[in-house]
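To find a chain, count down the sequence lines: A is the first, B the second, and so on, and within it residues start at 1.
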Protein chains: 2
Amino acid sequence: MALRDALFRPVRAGNAFEETVERLVQAIRLGVVAPGERLPAERELAGRLGISRVTLREAIKSLQDNGYVESRRGRYGGTFVNAELPAAQPVGRISGEELADALTLRAVLETGAAECAAGRALGPGERRELGARLAECAQAGRADYRRKDSRLHLAIAEAAGSPSLTAAVADARMRVNELLDRIPLLPPNLAHSNEQHELVVSHILHGDADAARRAMAEHLDGTASLLRGFLA
Amino acid sequence: MALRDALFRPVRAGNAFEETVERLVQAIRLGVVAPGERLPAERELAGRLGISRVTLREAIKSLQDNGYVESRRGRYGGTFVNAELPAAQPVGRISGEELADALTLRAVLETGAAECAAGRALGPGERRELGARLAECAQAGRADYRRKDSRLHLAIAEAAGSPSLTAAVADARMRVNELLDRIPLLPPNLAHSNEQHELVVSHILHGDADAARRAMAEHLDGTASLLRGFLA
DNA sequence: GTCCAATGGCTCGCTGTCATACCTTTGGAG
DNA sequence: CTCCAAAGGTATGACAGCGAGCCATTGGAC
């Protein structure tokens, strides 16, 4: 029975070091900590992540070796994200089932988030945030599009007001991004994507939950089709 | 910024022992391994969960001490789920934000799952499974309703065909069940719930994705309102 | 009746992870 | 100019978790 596979799946995805590296890379690649910005201080970050400072430092060392960050000592020092991020490591071949799994989960989470966000009374800060991310995404070039795009989608997830949902969207998005890194990013797709973003955000700001969901579903279908085509 | 809270959340929910206990209790409380049934053999289960046999045994020992399971040695032995499960431990007071978080995530995942399940071409085995769980749930008494109910909802999630989604639904459901254990289970609610189940399953079997989603949303709203009322 | 395969029960040494404490560097406050 | 707070860098001893191997028990196959 497949249900048992779901419940008896691995308790841990890896050791503490690996999971920490994963999380930090996620924060950087999803644009939550942008190039030039500083990570929280080691003592604070270790506390938030629930790991020891030793383990966190090992993870940071790994990010340094891979060109993600640089650390500076002294007061007002810290660990800063590099301006130029390393190219993503190509993942191995993936099966059609894995692809479908990742896309299904993403679709469920993100369409749900868009609907929830539209159904809530958003504060002025949240509305401004959505607008800012939308604009940033529209101005992004091919080099930083994925990051700005993720950042906008995360802003939408956050507007749904559920921290667990936000975290789940971040994870699902990271999974899909790893696949997207393997296919070309074409300017026409990019322009189309921006139009759809505007539509989604507009529906959310106007509080039209149904329309927001449908617009997000259509948007996600676009990249899903691309992925299915290229990775089939 | 709240996004950082989501990404810099704890890497691990607890130590390996605690997380393993959690997972096993989940399998039992959600009815995936029913009373009288046997857990996989220790060597196999440890492999599936990605932990050492030593740690798994500690977790099983904890379940024994709490009256969840009993172990028998020898060939055809194993660890069996007890006929009578212990009462759920009441959790501490929870905030309105935590409640909303859990309910939002559940709603997103389960309505999405219902929609996906309806949109797929289900095999005969899956259709039979849905029918069987539905019937089982309708016949359940107050003592085992929560377990049979969860089992049906998991069957729906599984019918969506995404293992990650199934796992996410199981986690979300476990969270909500812990809250539901604190409020009374009234026969009228139970009957109403069964009617809604029939509707949801019927829409899924007929392939009406939109109707399935709406029926599931309405169903979930019912318990959500109860929870908000009792825990407010 | 004997055997044996499958299961839970147990032990030992190794490695990863932790908490804690202390050292070094840096740049602004005074 | 001096001081010092805040940051990264380092060291140590304790403990959790692991892999591997072996033991003890059981009930069916032969």
Measure from [atom1] on [X] to [atom2] on [N] and round the result to the nearest Å.
| X | N | atom1 | atom2 | answer |
| --- | --- | --- | --- | --- |
| B:E70 | C:dG8 | CD | P | 14 Å |
| B:L49 | D:dC18 | CG | P | 10 Å |
| B:L56 | C:dT7 | CG | C1' | 13 Å |
| A:F17 | C:dC18 | CZ | P | 13 Å |
| B:L45 | C:dG9 | CG | P | 14 Å |
| A:F80 | C:dT26 | CZ | C1' | 12 Å |
| B:E18 | C:dC18 | CD | P | 13 Å |

Do B:T166 side-chain atoms and B:S162 backbone N/O form a donor-acceptor pair below 3.5 Å?
-> yes
Sidechain-backbone polar pair: B:N15 side chain, B:E18 backbone, donor-acceptor under 3.5 Å =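 Such a contact is found between B:N15 side chain and B:E18 backbone.
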Check: protein-nucleotides 7-11 of chain D nitrogen or oxygen pairs below 3.5 Å:
residue : atom : partner : partner atom : Å
D:dG8   : OP2  : A:E42   : N            : 2.9
D:dG8   : N7   : A:R43   : NH1          : 3.0
D:dG8   : O6   : A:R43   : NH2          : 2.8
D:dG8   : N2   : A:R73   : NH2          : 3.3
D:dG9   : OP2  : A:R57   : NH1          : 2.7
D:dG9   : OP2  : A:R57   : NH2          : 3.4
D:dG9   : N7   : A:R53   : NH2          : 2.7
D:dG9   : O6   : A:R53   : NH1          : 3.0

Pick out which of A:R133, A:K148, A:R106, A:E110 makes a side-chain hydrogen bond (donor to acceptor under 3.5 Å, both in side chains) with A:H153.
-> A:E110
Do the side chains of [X] and [Y] get close enough for a salt bridge, i.e. N-O under 4.0 angstrom?
| X | Y | result |
| --- | --- | --- |
| B:K61 | B:D65 | yes |
| A:R173 | A:E178 | no |
| A:E19 | B:R12 | yes |

Within the pair B:T55 and D:dA16, is there a side-chain N or O less than 4.0 Å away from OP1 or OP2?
-> no
